Q: 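Next up is a structure, given as structure tokens.
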Protein chains: 2
Amino acid sequence: MAPIRPGSNMTAIASALGVSAATVSNALSGKGRVSPELGAKIRAKAEELGYVPSVTARALRTGRSRVIGLVLPDIANPLFPQIAQAIENAAADAGYGVLIADSRGDSSMQTLAIQRLVERQVDGIVIVPRLGTRIADLGCPVAVIDSPSTPGNTVSSDHWQGGQVVADHLVGLGHRNFVLIGANPLSNVQNDRIGGMKSRLPKGARFETIWIEKLEALAGAGCSLGLKQKVELGFTAFAATSDLHALRALTELQQAGIRIPQQASVTGFDDLVWSSVVSPGLTTVRQDMAAIAEIAVGALVGVIGDDAAEPDAATITVGVTAVAKTDRVPMTLVARQTTASVSSPDFSPASPALEGNDP
Amino acid sequence: MAPIRPGSNMTAIASALGVSAATVSNALSGKGRVSPELGAKIRAKAEELGYVPSVTARALRTGRSRVIGLVLPDIANPLFPQIAQAIENAAADAGYGVLIADSRGDSSMQTLAIQRLVERQVDGIVIVPRLGTRIADLGCPVAVIDSPSTPGNTVSSDHWQGGQVVADHLVGLGHRNFVLIGANPLSNVQNDRIGGMKSRLPKGARFETIWIEKLEALAGAGCSLGLKQKVELGFTAFAATSDLHALRALTELQQAGIRIPQQASVTGFDDLVWSSVVSPGLTTVRQDMAAIAEIAVGALVGVIGDDAAEPDAATITVGVTAVAKTDRVPMTLVARQTTASVSSPDFSPASPALEGNDP
DNA sequence: CTGAAAGCGCTTACAG
DNA sequence: CTGAAAGCGCTTACAG
């Protein structure tokens, strides 16, 4: 097969104009000094010939590919579209392409997926690490998106604050009896969210936390989280650490004949696609992915730098973590269940007011 | 910044062994004839030095980047994770990387996103086209994933057959009164799915089709599809062309106090993440994304070819469509609502049996 | 079987 | 301000 790219290269422009390729390069990059007139002529000719620079040649020469990699623990994660979109946008704005990696759901494949990226000579990698994973030195700059509670430098939403926002909203609706629903007690993100929620529950509020790791396992008939019983026990607010769990709670409650939001409120996190589609809509908290992506990509680009690759093997930079400090990006409430018929803001259940049964 | 990659290149191996770079290249690629002993020595030394080939240099020399692009109309599409994962896997198996493109939700940006990909010299592009979009000649091989009903060469699930599978399932449960729910009457995919469903409704069955394009608009309080009334009119099966619409139907029915699956069955399409999480689970139809991705990537790789780029400008290949024929990949039912209390398989509604009120 | 040479398209010191 | 030269790391005819 013939080459895909149009035939025009710097040499073509140079010879068409009787100048050198170096001058064309200088004119087009604006780096070397070129007379205004010649510069204009060169740019015009480039335009005329439909010149498209060869990123490949540039990469070979400069040692920078202008591509970053994106790694998620599980590409099937419902948050992936939001993240990928934000990263791609931020990268494109910075002149970078985004190569994706998938570990095929297998934890042990994650390293291989990252390695494939490195072999493709990405200039840096954005990683949303698998739960509990420490990212090894990759030999290239890395930006980690994770909870601020995670050791090491990360960019992240302020999940704790997000939890507070949800709790404030629920408390404002009059709720005093909370069921907090999490997926994994080892997740820093989820612990932050739950911690933030708890921190805003008023004196006398009652809460209970349930962790449900394998949500799909409940799909079988008869399986349930027992949420109906919680309602019978006087719980009225069901606050999940993810929209997926909130969806489970919503449908299970509805299935049990509980009216939402009249008898109970359900909230989630992340404003995933279905939260605006279910009836009633899910109150949730949205991450500012654009801001997170900008910080992550910006940090990466900063470390990658603009200087050319000097073949100075002695100073090979290994395992740079690009994000220099822990950035916390605020989250915003998306309230879709704005009413609730909780008896009164001062309502206390018949059972003694507990500070919770949590460990 | 110093170059990221380890210092070892072919020249390093060559000089360490006192041979030429050409021989190293031949030994490592297995293309030129090299004596078995020398070949082994070279491979050992490469291993020892931690040699990683420069994809950049190879790309510059061969004219092929070994990267393909992936373009979806809307990266926020809930099917995106499934597709991206499948394409990435198929591409990795074929030795290709995957660069993503995003049009930022803006239809007019799609062309720009594709152009960015082309400028990065991808060897080919996999496109899931925006509704009604014809893909212009891109100057590089393209594989289109779309409905088989779409003009031109495409790879696709057999959406019609998928519709039949759903209908067969519902009919088998005893349903005779169907509400078909689609998102967009202009979508070939959805028309195929609905067409397939209709084709399997038995004589005397009644059906009605409703199209609901802006699902999110329903999130507001009071908005509804009026599904409760449908139940009152005797409809028992609600079959949507997407899990997102099915989710809306499920929650709206539950919200209205209808018991699922006792009083009505709800089915969707695509086995999106929440279909196994809601209560009760959604019966749905799964696409074989792995097979589709393999066909798409395989076709692309076939067109890209193994031959080197001869600078034969006269035969620049423009707008190749890589997929040579319309492939139809069968879909499989995922039944999660396996019971229904429809009076009897021969039950006919009081109202006259219609062939449907559809145009 | 092995090597010397050219070249993919660009950028970057270094001269002029 | 402009150009000649070298080189990023590889592959591919072509000689030997």
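Naming convention: chains lettered A, B, ... in sequence-line order (proteins, then strands); numbering from 1 in each chain. Keep in mind it's a predicted model, so treat the numbers as computed, not measured.
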Q: Using every non-hydrogen atom in the two residues, find where A:A143 and A:L300 come nearest and quote the distance to one decimal.
A: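 Where A:A143 meets A:L300 most closely, the heavy atoms are N-CD1, 3.6 Å.
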
Q: Among the candidates C:dG3, D:dC1, D:dC10, find the nucleotide nearest to the side-chain atoms of A:S35.
A: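 Within the option list, the nearest is D:dC1.
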
Q: Starting at CD of B:Q121 and ending at C1' of C:dC10, how long is that distance when rounded to a whole Å?
A: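 The distance from CD of B:Q121 to C1' of C:dC10 comes to 11 Å, rounded to the nearest Å.
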
Q: If you assign each of A:T11 and B:G39 to its closest nucleotide in DNA chain C, which residue comes earlier from the 5' end?
A: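 That would be B:G39.
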
Q: To the nearest angstrom, how far is B:R66 atom CZ from D:dG9 atom P?
A: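 Answer to the nearest Å: 21 Å.
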
Q: Would you indicate which nucleotide in D:dT2, D:dT12, D:dG3 comes nearest to any side-chain atom of B:A22?
A: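 Shortest atom-to-atom distance from the side chain points to D:dT12.
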
Q: Which nucleotide, C:dC10, D:dT11, C:dG3, lies nearest any side-chain atom of B:S20?
A: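 Taking heavy atoms from C-beta onward, the closest nucleotide is C:dG3.
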
Q: Does A:R58 make a side-chain N or O approach to OP1 or OP2 of C:dT11 shorter than 4.0 Å?
A: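 Checking C:dT11 against A:R58, a side-chain N or O does come within under 4.0 Å of OP1 or OP2.
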
Q: Run the side chain to side chain contact (heavy atoms under 4.5 Å, CB included) check on B:V98 and B:V67 step by step: do they pass?
A: CA-CA 6 Å; B:V98 177; B:V67 172; over 6 Å; no

Q: Whole angstrom is fine here: how far is it from OH in A:Y51 over to C1' in C:dG9?
A: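 It works out to 8 Å between those atoms.
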
Q: Are side-chain N/O atoms of A:S103 and A:Q110 paired as donor and acceptor at under 3.5 Å?
A: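 Note: A:S103 and A:Q110 side chains miss the donor-acceptor criterion.
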
Q: Does D:dA15 pair with anything, Watson-Crick or G-U wobble, both distances under 3.5 Å, and if so, with which nucleotide?
A: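 Pair assignment: D:dA15 / C:dT2.
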
Q: Can you check the A:R61 CZ to C:dC8 P distance for me, whole Å?
A: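 In whole Å, C:dC8 P lies 16 Å from A:R61 CZ.
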
Q: Whole angstroms only, please: what is the CG-P distance between B:N26 and D:dT12?
A: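 Distance check: B:N26 CG to D:dT12 P gives 9 Å.
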
Q: A:K31 has an atom NZ; how far is it from atom P of D:dT2, in whole Å?
A: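 It is 19 Å, rounded to the nearest whole Å.
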
Q: Quick check for you: among D:dT12, C:dT11, C:dG9, whose closest atom lies nearest to any side-chain atom of B:L60?
A: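 The nucleotide sitting nearest to the side chain is C:dG9.
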
Q: In whole Å, what is the span from the CZ atom of A:R64 to the C1' atom of C:dC10?
A: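 That distance rounds to 13 Å.
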
Q: Starting the side chain at C-beta, find the nucleotide from C:dC10, D:dG9, D:dT11 nearest to B:N9.
A: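 Closest nucleotide among those given: D:dG9.
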
Q: Indicate whether any N or O donor in one side chain lies under 3.5 Å from an N or O acceptor in the other, for B:Q121 and B:S65.
A: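 No donor-acceptor contact under 3.5 Å links the two side chains.
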
Q: So, is A:T23 near the phosphate of D:dG3, with a side-chain N or O under 4.0 Å from OP1 or OP2?
A: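 It does, given that an N or O in the side chain of A:T23 lies less than 4.0 Å from OP1 or OP2 of D:dG3.
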
Q: Taking the side chain of A:S25 as heavy atoms from C-beta outward, which of C:dT2, D:dT12, C:dT11 is closest to it?
A: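 The nucleotide sitting nearest to the side chain is C:dT11.
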
Q: Can you name the closest pair of heavy atoms from A:L70 and A:L117 and give their distance?
A: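 Taking A:L70 first and A:L117 second, the nearest heavy atoms are N-CD2, 4.1 Å.
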
Q: Compare the minimum distances between each of D:dT11, D:dT12, C:dT2 and the side chain of B:M10, then state the nucleotide with the smallest one.
A: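 Among the listed nucleotides, the one closest to the side chain of B:M10 is D:dT11.
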
Q: On DNA chain D, check which nucleotide each of A:V34 and B:A21 is closest to and give me the residue with the more 5' one.
A: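 It is A:V34 whose nearest nucleotide is closer to the 5' end.
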
Q: To the nearest Å, how far apart are A:L28 CG and C:dC10 P?
A: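 In whole Å, C:dC10 P and A:L28 CG are 9 Å from each other.
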
